[in-house]
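The structure appears below as C-alpha cells.
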Amino acid sequence: MCNRASVKVTGHEIAKVMNAPFPDADKFTPVFDANGFDRPHMPVLAKGEIRLMDWGLMPNWPSKTLSEQLQLSKFTLNARNDTIFEKASFKNSIWNENPDQVKRCVIPLTGFYEPHTYEGKKYPFYIYPKNEPFFYVAGIYSFWKDPIGGDWHVTFSMITTEPNRILKKIHNVATTSDDQRMIVILEKRNIELWMDPLLPKEGVKQLMQPCPEEIMGAHSVSRNLYSPKVDSNTPEIIDYFPYEDLKFDDELYYGFNLK
DNA sequence: CCAGACGTTGTT
DNA sequence: GTCTGG
DNA sequence: CCAGACGTTGTT
DNA sequence: GTCTGG
C-alpha cells in the first residue's frame, strides 16, 4: 500500500516541470510527509490542468452522507490494477464508453514511503526518482456532491500493481494477504496516453505495469516518520538514516542508490 | 430478488 | 448507482 | 450467482 | 434443463 508520500516542491515548480497550468498553485504548500489517512490535498494532473484533489476516492453515488464517504475513502487510497475494471467504486473512472466520463489522472510525487519488516520490527524507507524530478503516478479521480450543504469533493486513488525487485525487497510483508503491491509509475512519455479518454481498455491495462527498478533510489529513514510526538513534515525526514539491524544486507543498510 | 456492500493492506 | 452474497 | 428444488391436494 | 430462494 502506498499511504505516505512527499511533494516537496512548490505548485509553480510542478506546473513548470509538467508543463500544465495550475491555477491554485499558491494554495499548495510543499510537503515532506503527506499521510493519506489525513486526507491531504495533492496536486493532480487531469484534463490538461493541475488541480488540488483529496487523497482517498469517494464514488459519485447520490444519497450518501459525508461520514459514509469518509469511511469508505480510508480504503480507497489505492486501487488494485487487477480488479479496477470491476469494482463499483472505480469502474466508471478507469474506463467508460463515453469518453467524457473517463477520469484517469497523474499524481506527481517527489517520493513515497514504505515500511520494511525485519524480525517483527518496522523500518521506514523513502523511495525517490533517480533521474527525474517526479514519479508520475497513475491514478483515477471522482467528483461527489455532498447532498447536505452541496459541497463538491474532488478525490483520487493511486493505482497499485505487482512490485518490482526493489519494492518486493523493501515492502516485504503485507498485512492480511500475501501479495505485495507497488504504485503504478508511468514513463513521462506515457502521461498523455494514460489520460487519453479514447485509449481502449487493453491500452489502459498495458500501462498499469511495474516500473523498472533502474529509475528509483531508496534508503531507510528515521522512525520519526511514524512518531505522533515528532513533526515529521520537515526536510530532514527524507534523509538517509541507517539501522545497524539491517547490516546483514548491503542494499537494506546502505540503500538502493549505491551504484 | 433484495439487502447490504461498495475497499485496501499502516504506523505510533 | 451497481455489484454481490445468500 | 449457485445450491437445491422441480408437486398436488384421496381412495379403499 | 430451468426456476427460485437466499
Side-chain angles (χ1 to χ4, degrees), chain A residues 1-6 32-40 54-98 100-103 107 111-127 137-147 153 155-163 167-168 170-184 208 220-234 237-238 241 243:
Chain A
M1 182 190 202
C2 177
N3 58 46
R4 301 185 96 108
S6 77
F32 293 88
D33 174 25
N35 183 343
F37 292 108
D38 297 337
R39 302 196 55 72
D54 301 340
W55 193 357
L57 185 144
M58 296 172 175
N60 66 333
W61 302 324
S63 311
K64 293 286 158 187
T65 64
L66 180 58
S67 120
E68 282 175 307
Q69 291 281 40
L70 286 171
Q71 224 172 336
L72 180 60
S73 73
K74 295 215 182 307
F75 302 100
T76 55
L77 301 179
N78 298 134
R80 296 179 61 100
N81 71 321
D82 51 353
T83 50
I84 194 166
F85 291 98
E86 294 142 35
K87 298 290 179 184
S89 302
F90 302 142
K91 57 183 299 183
N92 292 325
S93 292
I94 189 69
W95 192 84
N96 207 295
E97 304 239 356
N98 179 353
D100 294 341
Q101 298 295 307
V102 171
K103 294 184 195 67
I107 306 103
F112 61 96
Y113 302 89
E114 295 290 2
H116 178 75
T117 304
Y118 175 64
E119 291 186 339
K121 289 191 197 159
K122 301 282 182 191
Y123 301 83
F125 275 70
Y126 182 63
I127 301 111
V137 180
I140 50 175
Y141 65 102
S142 170
F143 297 102
W144 177 72
K145 188 184 183 179
D146 188 344
H153 294 256
T155 56
F156 70 93
S157 294
M158 297 186 197
I159 298 170
T160 64
T161 185
E162 303 85 60
L167 265 292
K168 212 174 278 177
I170 293 176
H171 198 195
N172 56 337
V173 176
T175 46
T176 55
S177 62
D178 51 5
D179 69 339
Q180 307 163 232
R181 310 297 298 171
M182 174 180 81
I183 47 175
V184 173
M208 298 191 292
S220 50
V221 298
S222 164
R223 284 212 182 84
N224 283 342
L225 185 71
Y226 299 141
S227 170
K229 295 172 197 151
V230 179
D231 177 14
S232 53
N233 186 23
T234 64
I237 199 68
I238 68 170
F241 185 100
Y243 291 96

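These values consider heavy atoms only, across backbone and side chains, with no hydrogens, waters or symmetry-generated copies. In what follows, chains are A, B, ... by sequence order, proteins preceding strands, each numbered from 1. Since the model is a prediction, treat every value here as computed from it, not as a measurement.
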message: Applying a 4.0 Å non-hydrogen cut-off, can you work out what A:Lys91 is touching in the nucleic acid: base, sugar-phosphate, or nothing?
response: sugar-phosphate
message: I'd like to know if the side chain of A:Glu68 and the backbone of A:Thr65 have a donor-acceptor N/O pair within less than 3.5 Å.
response: yes
message: On DNA chain B, compare the nucleotides closest to A:Arg4 and A:Phe90; which residue's is nearer the 5' end?
response: A:Phe90
message: Quick check on DNA chain B: between A:Cys2 and A:Arg223, whose nearest nucleotide comes earlier from the 5' end?
response: A:Cys2
task: Starting from C1' on B:dT9, measure out to CD1 on A:Ile159 and report it in whole angstrom.
output: 17 Å
message: Taking the minimum atom-to-atom distance to the side chain of A:Leu72, which one of B:dC6, C:dT2, B:dT11 wins?
response: B:dC6
- prompt: Roughly how many Å is it from NZ in A:Lys122 to P in B:dT11, rounded to a whole number?
  reply: 3 Å
message: Just to be sure I understand the rule, does A:Pro115 reach a base, reach only the sugar-phosphate, or reach nothing, if contact means heavy atoms closer than 4.0 Å?
response: sugar-phosphate
- prompt: Once you round it to whole Å, what is the distance between C1' of B:dT9 and CG of A:Asn172?
  reply: 14 Å
message: Taking only the P atom of each, what is the distance from E:dG5 to B:dC2 in whole angstrom?
response: 11 Å
message: Donor-acceptor check, side chain of A:Asn3 to backbone of A:Gly36, threshold 3.5 angstrom: yes or no?
response: no
- prompt: Got A:Ile159 and A:Ile94 here, is their nearest side-chain heavy-atom distance under 4.5 Å?
  reply: yes
- prompt: Would you call A:Trp61 stacked on C:dT2, i.e. ring centres under 5.5 Å apart with the planes less than 30° off parallel?
  reply: no
query: Under 6.0 Å between ring centres, would you say that holds for A:Phe241 and A:Tyr243?
result: yes
Nearest-angstrom distance from the residue atom CE of A:Met58 to P of C:dT2: 20 Å
message: Given B:dT8, C:dT2, B:dC6, identify the nucleotide with an atom nearest to the side chain of A:Ser89.
response: B:dC6
message: The side chain of A:Arg181 is closest to which nucleotide in this list: B:dT12, B:dT11, B:dT9?
response: B:dT9
query: Considering all heavy atoms of both residues, which atom of A:Pro115 and which atom of A:Lys122 are nearest to each other, and what is their separation?
result: CB-CD, 4.1 Å
- request: Hey, could you give me the CD/NE2 distance between A:Glu114 and A:His171, rounded to the nearest 0.5 Å?
  value: 4.5 Å
- prompt: If the P atom of D:dG7 is compared with that of C:dC3, how far apart are they to the nearest Å?
  reply: 32 Å
Side chain A:Gln101, main chain A:Asn92, donor-acceptor under 3.5 Å: no
Length of the line joining A:Asn3:CG and B:dT11:C1', which is rounded to integer Å: 8 Å
query: In dot-bracket form, how is DNA chain B paired, counting a Watson-Crick or G-U wobble pair only if both its distances are under 3.5 Å and using | for bases paired to another strand?
result: ||||||......
query: Rounded to whole angstroms, how far apart are CG on A:Asn92 and P on C:dT2?
result: 7 Å
message: As an exercise, state the distance from CG of A:Leu72 to CG of A:Leu57, rounded to the nearest 0.5 Å.
response: 8.0 Å
Whole angstrom value for the distance that separates P of B:dT9 from CD of A:Glu114: 9 Å
- prompt: Counting just side-chain N and O atoms, does A:Thr160 come under 4.0 Å of either OP1 or OP2 of B:dT9?
  reply: yes
- request: To the nearest Å, give me how far apart NZ (A:Lys87) and P (C:dG1) are.
  value: 21 Å
